[in-house]
Amino acid sequence: MAIELPADYYLDNFRDLLQFVRSTYADLLIESEKQFADQLMDLSEPAVRLYIRLLCRSKSIFRLDKLHYSEIPDLISAAAELEESGYLQINPEYDVQSLLPLLTKQDIANLLSAAAACEADQKGKSLSVLKRAELENLALDNLPDSAVIFQQMTVLEVLNQDHFEVYKLCFFGNLYQDMTDYVLRDLGLTQFETYELDKQYRAFDSREKICSHLAYYQCSYRFDQLAPDDIDAQIQLASELPEPIDNALQRRVDRLRNKIARNLERQKSYEQALDLFEKSARPPARERRARILATLQRDHEALELCAQIASSPFNEEERHSVTAFAARLAKRCESPWPKPSLYKPPQHHLTLKNREGSVEYIVRDYFNEQSTNCFYTENVLCNSVFGLFFWDIVFAPVAGVFYNPFQQAPADFYEPEFVRTREPLLKARLDMVRNPGQLRRLVLQHYERKHGLQNPMVNWRYLELDLLEQALERIPLVDWETLFQRLLLDLRAHRTGFPDLVVFPDVGGYEFVEVKGPGDTLQKNQLRWMEYFAKVGIKHSVCHVEWAGEIDGSPVVEESVIETD
DNA sequence: GTTGGGATTG
DNA sequence: GAATGTGTGTCTCAATCCCAACTT
DNA sequence: TGACACACATTCAA
Ligand SMILES: [Mn+2]
Ligand SMILES: [Mn+2]
């Protein structure tokens with residue numbers, strides 16, 4: 001199914017985005033941003049085409065001689081027109097360092113030997129054995145001025161990228177999506193559910209919010225440019241983070257704070273890390289603070305923080321994260337602390353022959369040779385059935401959560417208010433589970449009708465129909481209900497940690513099995529699912545695998561499958 | 001001479 | 001043998017081109 | 001370009 005895009009595809013897409021934002025955000029755009037769109041649309045088509053081509057590429061400077069667009073035969077006049085109207089700079093005043101990425105190794109070597117020849121400074125002919133970075137250093141020392149580069153080539157710099165960023169941010173609500181979303185959709189590669197787009201709902205409802213989000217992305221970008229040991233710059237950067245003025249920004253800023261602070265912690269800048277983590281409201285900020293305090297021997301403060309976490313955890317994950325740590329800490333400073341009771345799931349041990357492929361597939365195939373049918377699904381099964389069953393509620397028309405056609409989920413999907421806002425719908429749907437046939441009907445119906453459409457919980461690639469059929473047949477309705485209930489408690493955190501395998505014995509029933517190869521142990525999120533299984537009576541176990549013929553990795557004469565309990 | 005990481009394209 | 005921290009690989013949209021490191 | 005699960009190393013407490 002080769003889908004052809006119209007010849008004007010990138011013009012159309014660009015105009016669509018620009019015009020949407022230009023009209024929807026007329027009250028929030030500043031004058032220069034509006035002019036950016038208005039004047040661009042007055043330029044000749046070849047000029048606009050060239051501008052969009054360059055604007056959608058990842059760098060901002062280009063070599064004219066490397067550009068070849070069959071639909072723009074006269075690049076020179078298009079570029080001249082763009083420069084005339086301020087959308088392009090020809091041969092911008094960049095220093096040698098900024099221009100180097102335009103050059104190949106061969107280019108740099110040629111420039112160097114030309115410069116050396118002029119100065120009668122003979123260097124060895126062996127420039128080509130140097131690595132790229134070494135050549136660049138040589139160039140920085142020996143190429144006096146970017147003029148020598150401009151003698152060899154014409155350079156174009158695309159201007160007004162910052163204005164386009166504003167348009168993209170307003171349109172998508174973020175800066176990680178871009179024009180390729182149009183292409184992927186129109187090629188049929190990622191298809192989105194159709195939901196009502198009300199023009200009154202926008203990603204941002206004030207200029208201040210737009211600016212704050214832009215500032216956040218600036219900081220995020222700058223942090224990625226910094227060296228990990230550049231402590232001062234990171235602290236400075238953290239202090240420049242914008243005040244979070246909506247939930248989305250709060251989430252983004254706190255995630256960046258955590259990222260920076262975690263790095264400071266790694267660099268042993270503990271005090272600064274503590275300060276920054278304290279500004280963050282999101283896990284694992286408090287946990288990290290407690291651990292830092294403990295390494296600083298400030299045990300009582302650390303324990304106090306653990307007590308705070310225990311009494312008002314952000315979520316189950318955060319509460320769980322410090323249980324073992326706090327107990328050890330309490331023992332160290334002889335303070336009282338409830339003894340942590342770790343759930344121990346049922347275990348069994350398998351000795352199998354090692355072969356190519358991951359241990360999960362090996363165990364799956366082993367089970368399939370026994371009298372069972374077994375699938376390696378991890379989170380796919382539970383999440384996908386959830387997504388299919390609640391499909392229309394996920395995409396229910398709630399005010400303000402859909403503002404562009406490229407959303408795979410409503411804006412609030414991973415926030416607690418997702419459940420709060422849709423409480424009656426979710427409750428009614430959950431009550432439907434126990435009615436025989438309803439779950440199966442809705443899941444299969446959505447599997448048919450929505451097949452291939454993006455959904456935050458559905459993984460179409462790994463969700464096979466026979467898995468779905470068997471799971472719906474074997475897993476009792478009450479079990480589905482309890483699985484959904486846990487997912488709804490925290491869609492972000494509980495969508496992970498589901499056991500590797502689902503096993504359907506020929507004799508009936510089912511079981512979730514987590515596979516652990518040599519040296520692997522249960523992760524915390526996996527243990528929490530198992531704890532829950534135990535509480536609600538869902539059969540589950542951990543299957544530890546050892547390799548036949550190996551002891552501690554060295555071969556031993558033995559074979560055959562051994563199973564022990 | 002191959003390959004592996006990118007950027008670009010539709 | 002827990003409990004930590006840290007590093008890796010696998011998803012990737014797929015085809016193509018360019019370029020820089022190399023017997024992988 | 002992360003999210004997620006796993007692999008591996010180090011440390012520490014019975
Ligand atoms: Mn797994
Ligand atoms: Mn596993």
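Below, chain A is the first sequence line, B the second, and so on; all start at residue 1. Just the heavy atoms: all of them, side chains too, but no hydrogens, waters or symmetry mates, feed the values below.
Within the 4.0 angstrom heavy-atom criterion, only backbone atoms of the sugar-phosphate kind lie near A/N379; the bases stay farther away. Residue contacts shown for A/E287 are absent, as no nucleic acid heavy atom lies under 4.0 Å away.
The shortest distance between the side-chain N/O atoms of A/R461 and the OP1/OP2 oxygens of C/dC13 is not below 4.0 Å. Side-chain N/O atoms of A/K105 include one lying less than 4.0 angstrom from OP1 or OP2 on C/dA21. Checking the phosphate oxygens (OP1, OP2) of C/dG5, a side-chain nitrogen or oxygen of A/R288 falls inside 4.0 Å.
With a 6.0 Å cutoff to the six-membered ring centre and a 45° limit on the axis angle, A/R364 does not count as a cation-pi contact of A/Y376. Cation-pi geometry between A/R185 and A/F406 is not met at under 6.0 angstrom from the ring centre and within 45 degrees of the axis.
Salt-bridge annotation for A/R262 and A/E265: present, with a side-chain N of the basic residue lying under 4.0 Å from a carboxylate O of the acidic one. A salt bridge is absent between A/E301 and A/R291; no separation between the charged side-chain nitrogens and carboxylate oxygens falls under 4.0 Å. A salt bridge does not link A/R289 to A/E287: none of the charged nitrogens lies less than 4.0 Å from a carboxylate oxygen. A salt bridge links A/R53 and A/E71; the closest N-O separation between the charged side-chain nitrogens and carboxylate oxygens is under 4.0 Å.
Using a 4.0 Å cutoff to heavy atoms of chain A, the contacted part of DNA chain D runs 5' to 3' from D/dA3 to D/dA14.
Of the candidate nucleotides C/dA3, B/dT9, C/dA14, B/dT9 has the atom nearest to the side chain of A/R53.
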